[in-house]
Each structure stands twice: as C-alpha cells, then as structure tokens.
Amino acid sequence: MDRVTIFDTTLRDGEQAAGGTLNIQEKLEIARQLERLGVDVIEAGFPISSPGDFESVRLIAREVRTPIICALAHANADAIDRAWEAVREAEHRRIHVFLSSSDIHLVYQLKKSRQEILEMGRSMVARAKKYLDDVEFSPMDASRTEPEYIYQILRAVIDAGATTVNIPDTVGYATPDEFGDLIEGIFKNVPNIERAIVSVHCHNDLGLAVANSLESLKRGTRQVECTINGIGERAGNASLEEIVMAIKTRQDFFNLATNIDTTQIYKTSRLVSELTGFTVQPNKAIVGANAFSHESGIHQDGVIKMPITYEIMDPKTVGIPASSLVLGKLSGRHAFQERLAELGYSLSEENFNRAFSTFKELADKKKEITDKDIESLVAEEQRTVSEIYHLDRIQVTCGDRGIPTAAVRLIAPDGQVLADAALGTGPVDAVYKAINRLVGVSNELTEFSVKSVTEGIDAIGEVLIRIESEGVTYTGRGADTDIIVASGKAYLNALNRLLAAKKTR
Ligand code: KIV
Ligand code: ZN
C-alpha cells in the first residue's frame, strides 16, 4: 500500500486567513502538536514576508525535529536566500518555490511572457537546489493554466532539481473530474515526472477542495497539502482531518495510508481553533461538535444497538474523549489530573497547580465541570502564560438607569499595579475604555462575540474579539462564568498579542 505524504500548511496558508494571525510562541505550539499528529511536512511560513515570519520559521526549524520543515519563497533570489536562512538549522528541510503560470496572472499581474516565467522557475529552483536537496515547485493557478504549458514548466523545474511538483488549484475553480484529468495528463506528458513526487494544493472556494485532493490521489499524486480545520486564504484549504479520515475509513477504495496518528486529530483541531480564534462549525466533518452526535430517535436506537448502524468512524479514532465524566467541587487533584491526561493535556507542575486552583474556584461557582469546561479552563491558563499585562480585577456598575462604569486593575510587565476607571455606553465598553486608558495602544474593535461553553445558567462564557491596528488584525479570547470578566480578559488577550507583535517587528 502506498503512503501519502501529508504536507500541513496551517502555519502558512492557514495563517493567511483573514484575522488568523498567530504569534511566534503560538506557531511553535501548533508545530509541536503537528509533530505529535505525525504530519510529514510542516510549511512553517513565508520568511521573506516579514521579520516575524522569518523568526517563527527559524524557531520551528530549530525546535521541531521529526517532520520536514518547509519555507515558502516566491521565485525571487532574495526570497529563496531568506527561506534558506530560516530552515538551514532544521533536521529535515525543504524550500517551496512558487510562481504563477496562468495567462490570467501572467498578463494582468506579472506582465511577463510564458518563456520568461519558465526561465524564472528553472533558475530559481536551481538556486534553491544549491542550498539543499529537497526543493518543491508550484505553478500557481495551475488549474487555470493551459496544460501543455504546465507540462513544459514541470519538465524544466524537475530538470533543475525539483523533487516535488505541486499542482495548486489556487482559486478553488476546478471540479474533481477536470482536476483529475489535469493530474493524469501530467503523468502522461511530463517525460521526467517519475523523478518527482506529484502533490496537490486545493482551495475550497466551491467547497471542492477535499474532493479534488482525493480525486488526485486516485490519479497518482502522493502528497496532499492541507490545513487543520480547513483554514486558509478566503474559503480555506483542503481540510487535513477530512482527507486523512477519508483515506483511513475508505481504505478499501483508496488502498493508501498516511503516517498520521488519528487519535491526535481532535486535540489539534481544538488547539488551532483556540489559537486562531476560528470557531469550528458544529456540522464540520470529523471535528465539529455534532459530527458524532445522533439526534433522531431512530439513529439513537441504532447506535445504542450497534454503533456501525449510523457511525462510519469510531469517535475514539480521532481522539474524541470516550467518556464525558463530570467533575465537581469534591473532585481532588488526582481526579483532575487523570481527566486532563485523558483529554490529552500534560501540564508542567506549575501550570497544573494554577489550573487546579482555577478548577477549584470554578467548582465553587458551577456544580458540574464537564470536559468542555476543562478545555476552556486549560486554554485560559495557557493564555495567561504568555501575557504582558495581566488582568487583576474588574468591577462594573450598570443597569437601565445607571451610567455604565468600570474600574479596572492591571499588573504591568514590570510588576507595577495600574488602576483606572471609565464610563461607557455599556459595561463592556466601559471596561474596554478603562483598559485603554491604562495600556494606551490605539486600535479598532472589529468583532465581538460571546458564546457559552456548556449548557446551563452557570455555564462558562467565552468571548472572542478581534481588534485592528495598522492594518493587522489580532484575535483575543477570554473565558469566565462572568461574561464581563471574560470580555475584559479577551480584550487584554488581544492587546497583549498586539504588543508582542509590535516587539518582533
Ligand atoms: O494557493 C496557492 O497557489 C498557494 C501556493 C503558494 C502554493 O498557496
Ligand atoms: Zn494556497
């Protein structure tokens, strides 16, 4: 059975999704989890695009040793040199060179002839090849490029040393049959194709990214580029979990395998959602909240009698916790620790102690603590580890007659205690204004949403906000049983990310 190389681009194309900016520590955390998941290649970033991207690729290259660490570069000498600098310390490394190939891009964007593009592709692959063996080339917008021209480019870049040639459906335009035919044409018409792995990179503008990727596998590709939760530019990329589980569940059809440890899927999905602020839709295949929940009586009856009646996958295979044991006020350290382990968390002693005391505080306010509460609580703890300003206290007064007022106390990075108060149009506005008076960074609030983590009046409220500063969007999250406190935490979380990003620029 052939193996499919899983090339994860969550940290590059995924991070290109509007509002999905991650800081360097968050990228490292995701990269470590991708390593545990067993992806073969991590596309860690586009080093020439910003100093922050360069640093994060370099850090991941140093720290994450099992997968191939790949850096993206456009077909430009400086971009390739920078990509090399970023990945040179990796145990396994790759440079991925891309260059538009469709007439639409050549005429309107690059204003270059096909011959010029072919030369650029060839010479830039040769440049990357001087640095390392593993070079990937992508003719961007391949699905809207005349096939004959793609054959020529691929032949030239393989001769120049490309070891993987990747066929992107950059704008998500292709249909499965058409895309499959393009792949088949490549195998038939590129004379040196057996010297390279053929890969695909599909976008989801028409909701066909996974279907196109799977069709390509049937036609002979052996690398798929994808992202966790399908995040990415515009409507996103092909979703890793859907491709992997389709290959596994329908092994009878595909006769293929991957190196993915599928039991890590759920945890990876949660982490990416948490850190990017992109909520997973409930009906999302594999990792959505409803993916394994049966509502109709007939289905429930069937699943109780025999799960395979309505379940084609065992939720345990993707790492969805088997039991949803409820903890409470009387649960001790041991029970809490065991539950954390079952949910896949291993916290340092210091972080565990903090999480345990937060758990105890929560158990005083909330009768039953479910897995979702615990996930939210751990995420909240993780957010506080990297914070610059810490929210110490919030007090608000509001009501239909009162003037919404907030008093806020923060701990500054140097340990100084800062306090101020402000009036607002409502309690959240007042809290934000009071924080602004203390932190003093101008920004615009572009999104604010509240959801409850679990059911019930005592549920934890989770606030997601996005703020914009100098054209960059920062996401912030906060969780608490009091939604005003959660809002304050979320706002400060976004401000902390903004401040951290400013430091690395
Ligand atoms: O969508 C695309 O074409 C890309 C390339 C850089 C591979 O992301
Ligand atoms: Zn892309």
Side-chain angles (χ1 to χ4, degrees), residues 4-18 20 34 39-43 46 70 72 96-102 104-105 136-145 147 150 153-154 164-187 196-248 250 253-254 256 258 260 265 269 272 278 281 284-287:
V4 177
T5 298
I6 298 294
F7 176 115
D8 180 278
T9 182
T10 306
L11 295 175
R12 200 279 297 168
D13 215 323
E15 211 224 2
Q16 276 173 230
L34 291 172
V39 305
D40 303 285
V41 187
I42 295 178
E43 186 164 55
F46 187 6
C70 175
L72 183 69
H96 175 188
V97 183
F98 73 96
L99 178 61
S100 287
S101 57
S102 68
I104 302 176
H105 285 205
E136 173 169 330
F137 179 81
S138 293
M140 190 154 79
D141 205 17
S143 53
R144 293 193 300 169
T145 303
I150 298 205
I153 298 183
L154 296 187
T164 300
V165 287
N166 176 48
I167 312 303
D169 180 22
T170 303
V171 289
Y173 182 72
T175 64
D177 247 14
E178 210 177 37
F179 197 58
D181 288 349
L182 172 63
I183 301 298
E184 220 169 274
I186 288 170
F187 279 109
I197 303 280
V198 182
S199 162
V200 290
H201 175 110
C202 298
H203 278 272
N204 207 28
D205 299 66
L206 295 174
L208 294 170
V210 170
N212 287 337
S213 307
L214 292 175
E215 180 62 30
S216 84
L217 291 174
K218 287 302 283 177
R219 314 281 191 117
T221 62
R222 287 297 175 264
Q223 175 178 285
V224 178
E225 303 198 353
C226 44
T227 60
I228 301 297
N229 300 335
I231 63 170
E233 187 83 38
R234 305 180 310 279
N237 290 63
S239 132
L240 180 147
E241 57 278 7
E242 292 177 24
I243 289 174
V244 167
M245 289 313 290
I247 293 173
K248 188 177 171 78
R250 296 305 312 275
F253 181 76
F254 291 106
L256 292 169
T258 70
I260 297 295
I265 284 180
S269 161
V272 169
F278 293 132
Q281 81 208 49
K284 165 85 177 61
I286 319 293
V287 289

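These numbers come from a predicted model, not from an experiment.
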Please check if atom NZ in K248 has more than 12 non-hydrogen atoms from other residues, nucleotides or ligands closer than 6.0 Å. no
Between the side chain of T221 and the main-chain N/O of S216, is any donor-acceptor distance below 3.5 Å? yes
With a 4.5 Å cut-off on side-chain heavy atoms, are E136 and I197 touching? no
Quick one: side chains of residues 231-238, donor-acceptor pairs under 3.5 Å with protein atoms, not counting sequence neighbours, listed by atom name and distance.
unit_1 : atom_1 : unit_2 : atom_2 : d
E233   : OE1    : Q16    : NE2    : 2.5
R234   : NE     : D205   : OD2    : 2.7
R234   : NH2    : T170   : O      : 2.7
R234   : NH2    : D205   : OD1    : 3.0
R234   : NH2    : D205   : OD2    : 3.4
N237   : ND2    : D13    : OD2    : 3.3
N237   : ND2    : H201   : NE2    : 3.4

Approximate separation, where rounding is to 0.5 Å, of I260 CD1 and I265 CD1: 7.0 Å
Which atom of A209 lies closest to which atom of N204, heavy atoms considered: N-OD1, 3.0 Å
Side-chain contact test, heavy atoms from C-beta onward, threshold under 4.5 Å: evaluate it for S143 versus P168 and give yes or no. no
To check you understand the geometry: which heavy-atom pair defines the closest contact between N229 and S239, and what is its length? C-CB, 4.3 Å
Measure the shortest side-chain to side-chain distance between T5 and S199 over non-hydrogen atoms and say whether it is less than 4.5 angstrom. no
CG on L154 to CZ on F187, rounded to 0.5 Å: 10.5 Å
Do E43 side-chain atoms and L11 backbone N/O form a donor-acceptor pair below 3.5 Å? no
Atom CG of N166 and atom CZ of F137: how far apart are they, to the nearest 0.5 Å? 10.0 Å
Going from OG1 on T164 to CD on Q223, what distance comes out if it is rounded to the nearest 0.5 angstrom? 5.0 Å
Could you work out, with side chain to side chain donor-acceptor pair (under 3.5 Å) as the rule, every residue matching D177, not counting sequence neighbours? none
Do I183 and I167 make a side-chain contact, defined as non-hydrogen atoms from C-beta onward lying under 4.5 Å apart? yes
Would the number of heavy atoms belonging to other residues, nucleotides or ligands and lying under 6.0 Å from CZ of F254 be above 12? yes
Closest heavy-atom pair, I150 versus L182, reported as atoms and distance to 0.1 Å, is CD1-CD1, 4.4 Å
Minimum-distance pair of heavy atoms, taken over all atoms of F179 and D169: CE1-CB, 4.1 Å
Please report the closest heavy-atom contact between L208 and A174, naming both atoms and the distance. CD1-O, 3.5 Å
Single hit among S101, S102, S100 for side chain to side chain donor-acceptor pair (under 3.5 Å) with D141: S102
Evaluate the criterion side-chain contact (heavy atoms from CB on, under 4.5 Å) for residue pair T175 and L206; output intermediate values, then yes/no. CA-CA 9 Å; T175 64; L206 295 174; 5.8 Å; no
For the residue pair L256 and I247, what are the closest heavy atoms and their distance? O-CG2, 3.4 Å
For the side chain of R222 and the backbone of L217, is there at least one donor-acceptor N/O pair under 3.5 Å apart? yes
If you round to the nearest 0.5 Å, how far is SG of C202 from CD of E215? 10.5 Å
Starting at CE of M140, measure out to OG1 of T145 and round the result to the nearest 0.5 Å. 10.0 Å
Residues that D40 engages under salt bridge (Lys or Arg N to Asp or Glu O under 4.0 Å), provided they are two or more places apart: none
Is there a side-chain contact between V165 and I153, using heavy atoms and a 4.5 Å cut-off? no
Do the side chains of V39 and L240 get nearer than 4.5 Å, heavy atoms only? yes
